[in-house]
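In what follows, chains are A, B, ... by sequence order, proteins preceding strands, each numbered from 1.
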Protein chains: 2
Amino acid sequence: MKQITKYVIKNSLKRIFLYRACLVRLKLMGVERVYSYTLANETGVNSDQVRKDFSEFKITGNKRGGYNIDELLEKMESIFHRNKDHNLVLIGMGNMGQALSKYSRFVQRNMNIVATFDIDPFKQKQRSDLPVYSMNRLKEIIDRFRVKVAIIAVPEISAQEVADELVRHGIKGIVNFAPVLLKMPPDVVVNNVNLCDELESVIYYVHKLMKVDGIKNLELLYRDMKY
Amino acid sequence: MKQITKYVIKNSLKRIFLYRACLVRLKLMGVERVYSYTLANETGVNSDQVRKDFSEFKITGNKRGGYNIDELLEKMESIFHRNKDHNLVLIGMGNMGQALSKYSRFVQRNMNIVATFDIDPFKQKQRSDLPVYSMNRLKEIIDRFRVKVAIIAVPEISAQEVADELVRHGIKGIVNFAPVLLKMPPDVVVNNVNLCDELESVIYYVHKLMKVDGIKNLELLYRDMKY
DNA sequence: CATATTTTGTGATTTGTTTCACATCTTTTT
DNA sequence: AAAAAGATGTGAAACAAATCACAAAATATG
Ligand SMILES: NC(=O)c1ccc[n+]([C@@H]2O[C@H](COP(=O)([O-])OP(=O)(O)OC[C@H]3O[C@@H](n4cnc5c(N)ncnc54)[C@H](O)[C@@H]3O)[C@@H](O)[C@H]2O)c1
Ligand SMILES: NC(=O)c1ccc[n+]([C@@H]2O[C@H](COP(=O)([O-])OP(=O)(O)OC[C@H]3O[C@@H](n4cnc5c(N)ncnc54)[C@H](O)[C@@H]3O)[C@@H](O)[C@H]2O)c1
C-alpha cells in the first residue's frame, strides 16, 4: 500500500525549534528566566503566539514569573526525544552526502550518523571520518544500531529504489534531498528538502517585493510571507 | 530599522513547485494534457486543491479539456520569473558551499552562481569550476552581474556580518544555511534552511507514529502532519 | 444537432490558525 | 497585609486555508 508520502513541518513546530535555539543562546549568555515576550522579540513572532505554541505542546510556566530556561529546555528535550541518542544512516556520499557527513551540529544535537553508504566502490575506499559501506551491509548496520531514520542523498533516479530498500530494513523516517516524491507505506515519514525550491521561492518573493509600491501593499505582502 | 527577518514558504507555493516538477516529468514521458486529478494523484494532494491553487496564481485551463502541459509550464515559468536568468553569489566555500557550488540543478533552473566568496585565502587558491574570490571583490561582482539573491554558507558566528555586507551592496534575498535568525531591513527576504530542524522534525514524527495505536489516532496524526 | 458526459472554476462551508481579551495567579510595593 | 503590577493561560473572535458542491463550459456521443 504505497502512496505519495510527504509532509510539511507544522509552523507551530518550526517556531518551537526557533524558541529552543533562542533559549540555548540565552542560557549561554547566563540568562536564567524568560518571558513570552522575550522569546517573541528574539524570534520575531508575537508573545501570544509563543504562549499558544507552548500550550499546544503542554509547556507551562509560572504566572508572573515567566519561564525558567533550564526547565523549558528540559521539557523541550523530552518532547523531541533528545534525551536519547538517535542513530542515522546516510545514503549517497556525493557532494551533498560528504557535506552532511561532516556537519558537526547533528552530533551536538544527539543525532549520530553511524555509517554512510554508496554504490561507488571508489567512494567506499576514500578515507573519511565516517565509514562508507557498500549497500549490501545496509541491513546489518541498521539492525546493529537500531537505526530508524535515514538521509537520502543519491541522485533523483535512484532515490525511490534506495528508499524502498531502507523501508524493507525497518527505516521509518527519511530526509530526502533528491527532488522526487517518494511512494512509501503510510507509516513512513518523509521530509523532502528541495534546495532549488527554497532558492526559487526567495527569487519569487524578491520580485514581488520589488514590484510593490504603496505601504499598504507592502503590509499585505508581508502577511503573505508570514513575516 | 533592522528586525528579525524570516519567512515560511506558503504551502500553496510549495504545492505549485510540486505540480511543476510533476508536469516536467509528464512532458518528458510524452504526455500533453493533464487534468486536476492527474496532478492530484501524482503529487498526493486532492484535485480541488490543485484547482484552488491554480486559481490563486491566476492559472486557468479548459473546462472539460483539462490543462495543456506546455501552456501550464509556460505560465508557471513567467510566475517564477524563470524566463530570465538569475545570478547568484555564494558566500562560504566550506563543506556546504562546495556541495552547493557543484549542484547542477540550479543552472538547469536558470539560477547561476556567478561567483563564490570566502575569507580563507587557501580556499581562494583551490581550483574549482567556479571562481572563489576574497570578500573585498563582493561589491564589484554583485554590481557587474546585477546579483539580487545570495546564499550564505558561512559559520553561524559570521552569518549576520556577512548578511549585513551583502545587503549594503544591494542584495535583496538570502537563503541562509547558518542556524541563526538574521536581523535585516524589512525589504530583504530571508529563507532560513535549517537541516538539523528538518531531521529533528522527522525524528519527532517517527516517534509519534510509533506511539500511535488505533487507526483513529493514526488518521489524526496524519492530519497533523499535513499528509 | 440535441443530449449526455466530463471537467473546470468558484462561491459556500468547514476546518484550522492566529490574535484578542481578560480572568487568574504570583510577585512586588506600600 | 492589602493593594498594585505584571505575567501566564485560555476561551472567544477574527482571520486564513482546505474541502465541498455545483453551475457553467467544453467535448463526446448517438
Ligand atoms: N549537491 C548539492 O548541493 C545538492 C543540493 C540539493 C539537492 N541535492 C540532491 O542530492 C542528491 C545528491 O546530490 P549530489 O550533488 O551529492 O550528487 P552526486 O552525484 O555527487 O552524489 C550522488 C552519490 O550517490 C551515489 N549513488 C548513486 N546511486 C546510488 C544507489 N543506488 N545507492 C547508493 N548510492 C548511490 C553515487 O555513487 C554518488 O556518490 C541528488 O538527488 C541531488 O539532486 C544536491
Ligand atoms: N555541512 C553541512 O552539511 C551543513 C548542513 C547544514 C547547515 N550547515 C551550515 O552551513 C554553514 C557552513 O557549514 P560548513 O559545514 O560548510 O562549514 P565550514 O566551516 O566547512 O565552511 C565555512 C566556510 O566559510 C568561510 N568563512 C568563515 N567566515 C567567513 C566570512 N566572514 N566571510 C566569508 N567566508 C567565511 C570559511 O573560510 C569556510 O570556508 C554553517 O553555518 C553550518 O551550520 C552546514
Side-chain angles (χ1 to χ4, degrees), chain A residues 4 6-19 23 26 31-69 71-72 75-76 216 219-227, chain B residues 4 6-19 23 26 31-69 71-72 75-76 216 219-227:
Chain A
I4 296 284
K6 67 195 159 60
Y7 83 103
V8 182
I9 307 180
K10 264 179 96 178
N11 288 341
S12 58
L13 183 54
K14 269 201 187 149
R15 287 192 301 264
I16 294 278
F17 285 127
L18 239 46
Y19 306 145
L23 288 167
L26 289 171
V31 183
E32 281 180 10
R33 131 178 319 284
V34 291
Y35 306 106
S36 58
Y37 59 80
T38 324
L39 285 172
N41 275 340
E42 294 284 322
T43 56
V45 305
N46 81 11
S47 56
D48 294 324
Q49 182 100 73
V50 173
R51 295 202 304 282
K52 258 288 196 266
D53 287 338
F54 280 8
S55 153
E56 182 184 335
F57 287 89
K58 308 271 187 299
I59 293 171
T60 56
N62 311 38
K63 294 208 170 176
R64 170 86 204 232
Y67 306 84
N68 175 286
I69 289 192
E71 279 175 27
L72 259 185
K75 265 189 193 151
M76 288 188 175
K216 189 90 175 207
E219 266 165 24
L220 275 175
L221 177 54
Y222 285 157
R223 173 163 308 226
D224 208 50
M225 289 162 57
K226 298 235 179 159
Y227 225 79
Chain B
I4 296 284
K6 67 196 159 57
Y7 83 103
V8 182
I9 308 180
K10 264 180 97 178
N11 288 344
S12 58
L13 183 55
K14 268 201 187 148
R15 287 191 301 265
I16 294 279
F17 285 126
L18 238 46
Y19 306 145
L23 288 167
L26 289 171
V31 183
E32 281 179 11
R33 119 182 329 280
V34 291
Y35 305 106
S36 57
Y37 57 78
T38 325
L39 286 171
N41 275 340
E42 295 284 322
T43 55
V45 305
N46 80 13
S47 57
D48 295 323
Q49 182 101 73
V50 173
R51 296 202 302 282
K52 257 284 195 271
D53 288 337
F54 281 6
S55 155
E56 181 184 336
F57 287 89
K58 309 273 188 297
I59 293 170
T60 58
N62 311 36
K63 297 208 170 177
R64 169 85 203 234
Y67 306 83
N68 175 287
I69 289 192
E71 278 175 27
L72 258 186
K75 264 190 193 149
M76 288 188 176
K216 188 91 176 206
E219 266 164 26
L220 275 175
L221 178 54
Y222 285 156
R223 172 165 309 225
D224 207 50
M225 287 161 58
K226 301 234 179 160
Y227 227 80

> When rounded to the nearest 0.5 angstrom, what distance separates CG in A:Leu23 from CD in A:Glu42?
Replying inline: 10.0 Å

>> Could you report the tightest heavy-atom contact between A:Met76 and A:Tyr19, atom names first, then the distance?
In response: CE-CB, 4.0 Å

> Between D:dG9 and A:Tyr67, is there an OP1 or OP2 to side-chain N/O distance shorter than 4.0 Å?
Replying inline: yes

> Quick one: CD1 on A:Ile16 to CD1 on A:Ile59, what's the gap to the nearest 0.5 Å?
Replying inline: 4.5 Å

Show each protein N/O and nucleotides 1-5 of chain D N/O combination with a separation under 3.5 Å, one pair to a line.
from, atom 1, to, atom 2, distance (Å)
D:dA5, N3, A:Arg64, NH1, 3.0

> Mapping A:Lys63 and A:Arg15 onto DNA chain C by nearest heavy atom, which one lands closer to the 5' end?
Replying inline: A:Arg15

> Among all residues two or more places apart in sequence or in another chain, which pass the side chain to side chain contact (heavy atoms under 4.5 Å, CB included) test with B:Ser12?
Replying inline: B:Lys10, B:Arg15, B:Asp53, B:Glu56, B:Phe57

> What residues in residues 53-62 of chain B put a non-hydrogen atom under 4.0 Å from any atom of DNA chain C?
Replying inline: B:Ser55, B:Thr60, B:Gly61, B:Asn62

> Got a sec, which residues hit side chain to side chain contact (heavy atoms under 4.5 Å, CB included) with B:Leu18, two or more places apart in sequence or on another chain?
Replying inline: A:Lys6, A:Leu181, B:Thr43

>> I need the NZ-C1' distance between B:Lys10 and C:dT18, as an integer number of Å.
In response: 15 Å

>> Please report the distance, rounded to the nearest Å, between CG in B:Asp48 and P in C:dA12.
In response: 17 Å

>> Nearest whole Å is fine: how far is D:dC20 C1' from B:Arg51 CZ?
In response: 10 Å

> For A:Lys14 and C:dT17, what is the distance between atoms NZ and C1' respectively, to the nearest whole Å?
Replying inline: 15 Å

> What's the OH-P distance between B:Tyr35 and D:dA26, to the nearest Å?
Replying inline: 15 Å

> Say you draw a straight line from OH of B:Tyr37 to CZ of B:Arg51; how long is it, rounded to the nearest 0.5 Å?
Replying inline: 11.0 Å

> Given atom OH of B:Tyr19 and atom P of C:dT8, what is their separation to the nearest angstrom?
Replying inline: 12 Å

>> At 4.0 Å (heavy atoms only), tell me whether B:Ser12 reaches a base, stays on the sugar-phosphate, or touches nothing.
In response: nothing

>> Taking only side-chain N and O atoms of B:Tyr37, does any of them lie within less than 4.0 angstrom of OP1 or OP2 on C:dT7?
In response: yes

Short heteroatom pairs, N/O only, protein and nucleotides 12-16 of chain D, under 3.5 Å:
from, atom 1, to, atom 2, distance (Å)
D:dA16, OP1, A:Arg223, NH1, 2.8

> Could you give the distance from CD (B:Gln49) to CG (B:Leu39), rounded to the nearest 0.5 Å?
Replying inline: 12.5 Å

>> Run the side chain to side chain contact (heavy atoms under 4.5 Å, CB included) test against B:Lys63 and tell me which residues pass, sequence neighbours left out.
In response: none

> Between atom CG in A:Leu39 and atom C1' in D:dG9, what is the gap in whole Å?
Replying inline: 16 Å

> Between A:Ile9 (CD1) and C:dT17 (P), how many Å, whole number?
Replying inline: 15 Å

> If you measure from CG on A:Asn46 to OG on A:Ser36, what distance do you get to the nearest 0.5 Å?
Replying inline: 9.0 Å

> Distance check: side-chain N/O of B:Gln49 vs OP1/OP2 of D:dT19, anything under 4.0 Å?
Replying inline: yes

>> If the cut-off is 4.0 Å, is A:Asn46 near the phosphate of C:dT19, judged by side-chain N/O to OP1 or OP2?
In response: yes

> Roughly how far, to the nearest 0.5 Å, is OH of B:Tyr67 from OG1 of B:Thr60?
Replying inline: 8.0 Å

